[in-house]
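Taking it in order: structure first as structure tokens, then the write-up.
Computed from a predicted structure; not experimentally measured. Throughout, protein chains are lettered first and strands after them, A, B, ... in sequence-line order, and every chain is numbered starting at 1.
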There are 2 protein chains.
Amino acid sequence: MAATIKDVAKYTGLSIATVSKYINGGRVLEKNKVLIDEAIRVLDFKINEMARGLKTNRSMTAGILIPSLENIFFTSIVSNVENILLQNGYSSIVCDYRENPELEKEKLDFLISKMVDGIIMVPHGSNSAYIQQVVEKGIPVVFIDRHLKDVHCDVVLADNINASYDAIEQLIVRGHKRIGIICGPKNIFTTEERLKGYIRAHEDYAVDIDKKLVLFGNYDVESGYRMLNRLMDVKKPPTAIFVTNYEMTLGAVMAINERNIKIPDQISLIGFDNIQLARIVKPSLSIVVQPMKEIGEKAAKILLSRLNKENQGSPAVNRLKTELLIKESVKSFID
Amino acid sequence: MAATIKDVAKYTGLSIATVSKYINGGRVLEKNKVLIDEAIRVLDFKINEMARGLKTNRSMTAGILIPSLENIFFTSIVSNVENILLQNGYSSIVCDYRENPELEKEKLDFLISKMVDGIIMVPHGSNSAYIQQVVEKGIPVVFIDRHLKDVHCDVVLADNINASYDAIEQLIVRGHKRIGIICGPKNIFTTEERLKGYIRAHEDYAVDIDKKLVLFGNYDVESGYRMLNRLMDVKKPPTAIFVTNYEMTLGAVMAINERNIKIPDQISLIGFDNIQLARIVKPSLSIVVQPMKEIGEKAAKILLSRLNKENQGSPAVNRLKTELLIKESVKSFID
DNA sequence: TGGCGAAAACGAAACGTTTCGTTATTAAAA
DNA sequence: TTTTAATAACGAAACGTTTCGTTTTCGCCA
């Protein structure tokens, strides 16, 4: 049906080898160049990627694996990753594992069975050993958002500690002394980092931490909702709350709406990730914004450099600065 | 490096053909079955999909093409499509075209160059002829969300007319007489349908339409913002507004917040698509919810049935029911 | 025991490329 | 003109499968 390189060779009178050479950027006499171009146009020749892949052992495809396709933080990163990859001739197979470690393994296998040349992923955290095996097979892996100590691969993430530190600092300088935090699940990298920033800010400003105000959710809407309620039910509730990801911020806002709590008079709130949220919630929500575009692009570029063997160095941790938007949702107790 | 079918053959003492037959579900003596299984396990044999694809001319991959990966309505559908496909041994390559018709073409080409067996897409609307060519090549295409008259392929969409009709009807029976609508871009399928429902409801209830209250946006946040402002600046502003997609609903809410307009006292609002939005906006937002899960699954199943040649019939239009949630954002003028 | 037929196994070609080692062509140098 | 060196083109093998037509095996019945 479709024209093959053989047809192009026949049309031009050249050998298959020459045509192949030209297609792959090799030097060819000017007149042959013209001739081949003509043949390709006339015959509507398209290279057969499967045949090529069979020979080269490369699929020119990267795997992208994220916890959820319904989380705009991740999909927005994916969009940017894809764009860079595409510009460099790579396509991507996108999968989500629905926050399920079992599925994470499966989809990882799946990607490998599709012979992806490299992988960009947001790891769940409980499959370190398995992922390390993949790395050892020689498949470049780049982590996004989360870092696993026992996997030796590049990683791109937001500067969580400072992000969190800055947010808490702003609350403290505005006179807040009882600050609640809704963290992610324990043992997850970002949870630990964001909590670290919270603690450090308290230490630096010599503000005591009430352990009752440090709660752990699951990074999902429902747990944000539940944890906010729990915080408000503490005997002496906090005057401000910091929620450490987008979904939980959603949940927290829902809970606040339901309880008819006034922001910022009854509670100050700083959320995470989604800049649009800031303008939808009323009064406008203060928020820590991660640089999704930069994260995605950085990860893609690192993967590409590994794929081209430009970068053979040992894995690096790349931290990208976040932005803190303080809006109306934060009350100041100072004059 | 990796074991091939040849190695398996050698290990078992059988021929390549026999091993291949077994791998593909053919009958083999029980003892050989056991033997091959052992070999596969010991050698860690994985089939080379490129070699297989070269022979079979099938990649077991579907292309998914959507306007934006940053729109949760689409990504949520993608997630569900992927799940069904994966269960049936198909992987998917997901692309977005960033609402850009040129890019739509490019990415379509890209998917085809990747030799996808079929395509599920949300068409932009301006590349009908081009897509029709793809269909004529014999590549099954399934449209989601939008229907293009001059492309002969299956399509899965929400019952937009009734969705819109029901929303407007609820406003009318609550006593609203001046109802604004923020439509999508002209000439887009969903725009027309949603507008049709608006008109029909007015007709059925004998309410006049003021053309000044019918505005067209671009289905993006910014245009929702702008159009809401424009509606409120009409000399005699509407008492209710229906916004016809998620992004524009976001924009509309932002504008309302900025202008400090009170919902529902000064304006009643019905939005679209995202059920979470309902609970985040205060007072809680009324909303038309599309069945994302069902849409995705239906589309995937249709594609699969085409790929297996189970379904050779002519293209069908599948309409799925939407849900209307009336919350606090709608005021009633009737006691 | 010999012959038969079904079931299982086999051999080899083919899919469309890339690539390596070799040969042909060309232009400049001798 | 002949030689040389560089450049371009070529032929053929190989990548790991599937598949088709053929051969082998084996149990069963006459």
Quiz item: Is the shortest side-chain N/O distance from A:Ser15 to OP1 or OP2 of D:dC10 below 4.0 Å?
Solution: yes

Exercise. Measure from the side-chain heavy atoms of B:Leu29 and tell me the nearest of D:dT17, C:dT18, C:dA8.
Key: C:dA8

Quiz item: With no angle test and no hydrogens, is the base of C:dA8 tied to the side chain of B:Lys21 by a donor-acceptor pair under 3.5 Å?
Solution: no

Quiz item: When we call it a touch if two heavy atoms are under 4.0 Å apart, what does B:Lys46 touch: a base, just sugar-phosphate, or nothing?
Solution: sugar-phosphate

Quiz item: So what does B:Tyr22 hit on the nucleic acid, given a heavy-atom distance under 4.0 Å: a base, only sugar-phosphate, or nothing?
Solution: nothing

Practice problem: Answer with base, sugar-phosphate or nothing: what part of the nucleic acid does B:Leu54 contact at a heavy-atom distance below 4.0 Å? | Solution: base

Quiz item: What's the closest nucleotide to the A:Ser20 side chain, out of C:dT19, D:dT18, D:dT17?
Solution: C:dT19

Quiz item: Contact class for A:Asn57 (heavy atom, under 4.0 Å): base, sugar-phosphate, or nothing?
Solution: nothing

Quiz prompt | Separation of B:Leu14 CG from B:Ser20 OG (nearest 0.5 Å) | solution = 12.5 Å

Quiz item: Are OP1 or OP2 of D:dC10 and a side-chain N or O of A:Thr18 less than 4.0 angstrom apart?
Solution: yes

Quiz item: For C:dC15, does OP1 or OP2 lie under 4.0 Å from any side-chain N or O of A:Asn48?
Solution: no

Quiz item: DNA chain D: B:Val19 or A:Ile16, which has the more 5' nearest nucleotide?
Solution: A:Ile16

Self-check item: Minimum-distance nucleotide (side-chain atoms of B:Ala17 versus D:dA13, C:dA12, D:dG16)
Solution: C:dA12

Quiz item: Under 3.5 Å, is there a donor-acceptor pair between the B:Glu102 and B:Asn100 side chains?
Solution: no

